[in-house]
Amino acid sequence: MSETKLPRPGQATLAGWLIVLGSLLTVVTAWDQISGLRSLDTRERVEELLAEPPLAGSGVGLDNILDLMHVMALVTGAMAAAAVILGWHVLQRNKQARLALTVIAAPLFFAGMFGGGFWSTLAAVAVVLLWMSPTRDWFDGVSPTKREALDNGDPDQESYVAPAPPETPTTPTTATGSTSGPARLSPQQPPPWTGSVTQTTKAAPKRRPGAVMAAAVLTWIGSGLTALMMLASAVTATANPDLILEQVRKQAESDPRMREAAELYTTDIIVASVWTMAVLVALVCVAAAVFAVFAIRRSSWARIALLISAGISALSLLLFALAFPPAVVLFGAAVATFSFLLRPEVAAWFRG
């Protein structure tokens with residue numbers, strides 16, 4: 001297979017379109033923020049932010065914050081516009097575009113917190129997928145078959161040997177060297193093979209593929225961070241339950257449907273609910289970490305369990321990221337874990 005005809009893996013297509021669409025929506029969001037930056041609603045929200053710690057009493061004025069938001073929105077919009085073009089070239093397998101996206105990924109992520117939010121974070125995280133297999137192999141011109149051979153320690157693919165052709169019967173001859181008539185098989189000679197020739201199959205990898213360990217490491221890191229975040233939220237709710245209750249009541253004032261429900265909330269109910277959720281999520285994270293341990297020990301059931309937990313985590317984190325954009329990083333880790341476990345050499349290793 002020539003380098004120019006390598007099929008684009010689904011992970012590369014997903015990453016490229018996430019970068020293009022996420023960056024495009026970031027440009028729209030940044031432009032909308034700039035157009036409404038001097039509105040009364042924005043000024044009120046900034047004034048509320050300045051009235052609370054740690055900005056309260058810092059000497060930072062309203063105009064300073066608005067100017068900073070304006071500059072960051074412009075920077076975010078400019079980088080996002082460049083990322084739209086670079087993302088399109090990435091889909092065409094342009095290595096220079098991938099390198100340029102890697103350079104602007106971190107600035108886009110941090111600047112997007114001021115003028116892009118969820119979409120800029122999504123685009124920045126998608127850049128990480130460009131450096132993971134099988135997308136990395138696609139950029140390097142390595143075919144899936146060649147990658148499996150490399151993982152098996154067989155770079156020349158000598159393990160894939162075609163079967164020997166069946167022996168053909170010989171015709172008995174006379175002493176003078178001429179044939180004595182129709183061909184006859186000797187009793188010791190097996191009859192000729194008349195069935196179909198069985199195609200050879202690729203042997204299962206003898207060594208553990210690197211994608212399995214990568215999936216396990218991502219699971220351990222993601223599970224640990226998620227458990228710590230939930231436990232930290234529970235501790236914060238225990239220390240400041242009145243603050244959370246006040247936020248619930250503010251939301252109820254803007255949404256009439258929540259007013260009756262907000263009246264039923266108390267600080268004890270909020271603390272109990274947060275701790276219950278934190279403990280449940282922590283248990284799920286521990287279970288996922290255990291699945292990863294058994295997966296690297298080649299347990300097929302652990303791979304299936306890890307696939308299910310990664311899929312559910314990705315969907316949950318995607319919804320959670322709408323309210324807390326940095327959670328997109330954990331969403332990307334869950335998607336990468338799911339992708340690693342679906343790779344052909346990983347499935348072959350578990351079957352073997």
Side-chain angles (χ1 to χ4, degrees), residues 1 6-18 93 98 125-161 199-226 284-318 329-352:
M1 180 181 296
L6 285 177
R8 184 173 61 206
Q11 179 178 304
T13 303
L14 174 63
W17 282 112
L18 283 178
R93 199 171 158 206
R98 181 179 63 159
V125 172
V127 176
V128 180
L129 297 178
L130 300 177
W131 295 93
M132 295 181 177
S133 295
T135 303
R136 183 184 68 248
D137 297 335
W138 179 63
F139 274 99
D140 294 337
V142 179
S143 64
T145 302
K146 184 67 175 179
R147 172 54 59 190
E148 291 179 17
L150 292 174
D151 291 338
N152 292 338
D154 182 21
D156 297 326
Q157 305 185 40
E158 296 178 353
S159 59
Y160 308 121
V161 181
Q199 298 292 331
T200 57
T201 57
K202 297 178 182 179
K206 296 180 181 179
R207 296 189 303 174
R208 181 176 61 214
V212 177
M213 180 56 69
V217 171
L218 286 175
T219 300
W220 293 329
I221 294 176
S223 299
L225 290 176
T226 303
V284 172
C285 292
V286 171
V290 173
F291 294 155
V293 172
F294 282 97
I296 63 175
R297 303 177 83 173
R298 209 172 185 177
S299 298
S300 298
W301 65 267
R303 172 176 174 262
I304 302 300
L306 202 56
L307 275 169
I308 295 174
S309 63
I312 295 175
S313 299
L315 293 175
S316 303
L317 289 168
L318 181 59
V329 177
L330 297 176
F331 166 74
V335 172
T337 300
F338 193 87
S339 175
F340 285 149
L341 294 174
L342 286 180
R343 293 190 61 181
E345 68 271 19
V346 172
W349 183 72
F350 277 101
R351 285 196 303 266

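Numbers here simply count residues along the sequence, with the first being 1.
When all heavy atoms are compared, the tightest approach of Trp349 to Pro209 is CG-CD, 3.4 Å. The minimum heavy-atom distance between Ala302 and Ala295, with the atom names listed, is CB-N, 3.6 Å. Contact record, Ser223 with Ala289: OG-N, 4.4 Å, taken as the closest heavy-atom pair. Taking all atoms of both residues into account, the shortest heavy-atom contact from Leu218 to Phe340 is CD1-CE1, 3.7 Å. Shortest non-hydrogen contact noted between Ile296 and Arg208 is O-NH1, 3.2 Å. Residues Val127 and Trp131 share a closest heavy-atom pair of O-CD1, 3.6 Å.
By the 6.0 Å contact criterion, CH2 on Trp17 is open, its count of non-hydrogen atoms from other residues, nucleotides or ligands being 12 or less. Counting non-hydrogen atoms of neighbouring residues, nucleotides and ligands closer than 6.0 angstrom, the CZ atom of Arg297 reaches no more than 12 such neighbours.
Separation of atoms CG (Leu330) and CD1 (Ile221) is listed at 10.5 Å; rounding is to 0.5 Å. For the atom pair Arg8 CZ and Phe139 CZ, the distance stands at 9.5 Å (nearest 0.5 Å). Within the model, atoms CD of Gln11 and CZ of Arg136 stand 9.5 Å from one another, a figure rounded to the nearest 0.5 Å. Between the CE atom in Met132 and the CZ atom in Arg343 there is a gap of 11.5 Å [rounded to 0.5 Å]. In this structure, Ser339 OG and Leu14 CG are separated by 8.5 Å, a value rounded to the nearest 0.5 Å.
At distances below 3.5 Å, at least one donor-acceptor pair connects side-chain atoms of Ser309 with backbone N or O atoms of Leu306. At least one donor-acceptor pair closer than 3.5 Å links the side chain of Thr135 to the backbone N or O of Ala12. In terms of modelled atom types and a separation under 3.5 Å, the side chain of Arg303 and the main chain of Phe350 share no donor-acceptor contact.
Results of the side chain to side chain contact (heavy atoms under 4.5 Å, CB included) test with Leu307 over Ile312, Leu341, Thr337 single out Leu341 as the only residue that passes.
Inter-residue side-chain proximity for Ile308 and Ile304 is flagged as met; some heavy-atom pair is nearer than 4.5 Å.
Taking the six-membered ring where the residue is Trp, Phe291 and Trp301 present perpendicular rings, their angle passing 60° and hence far from 30°.
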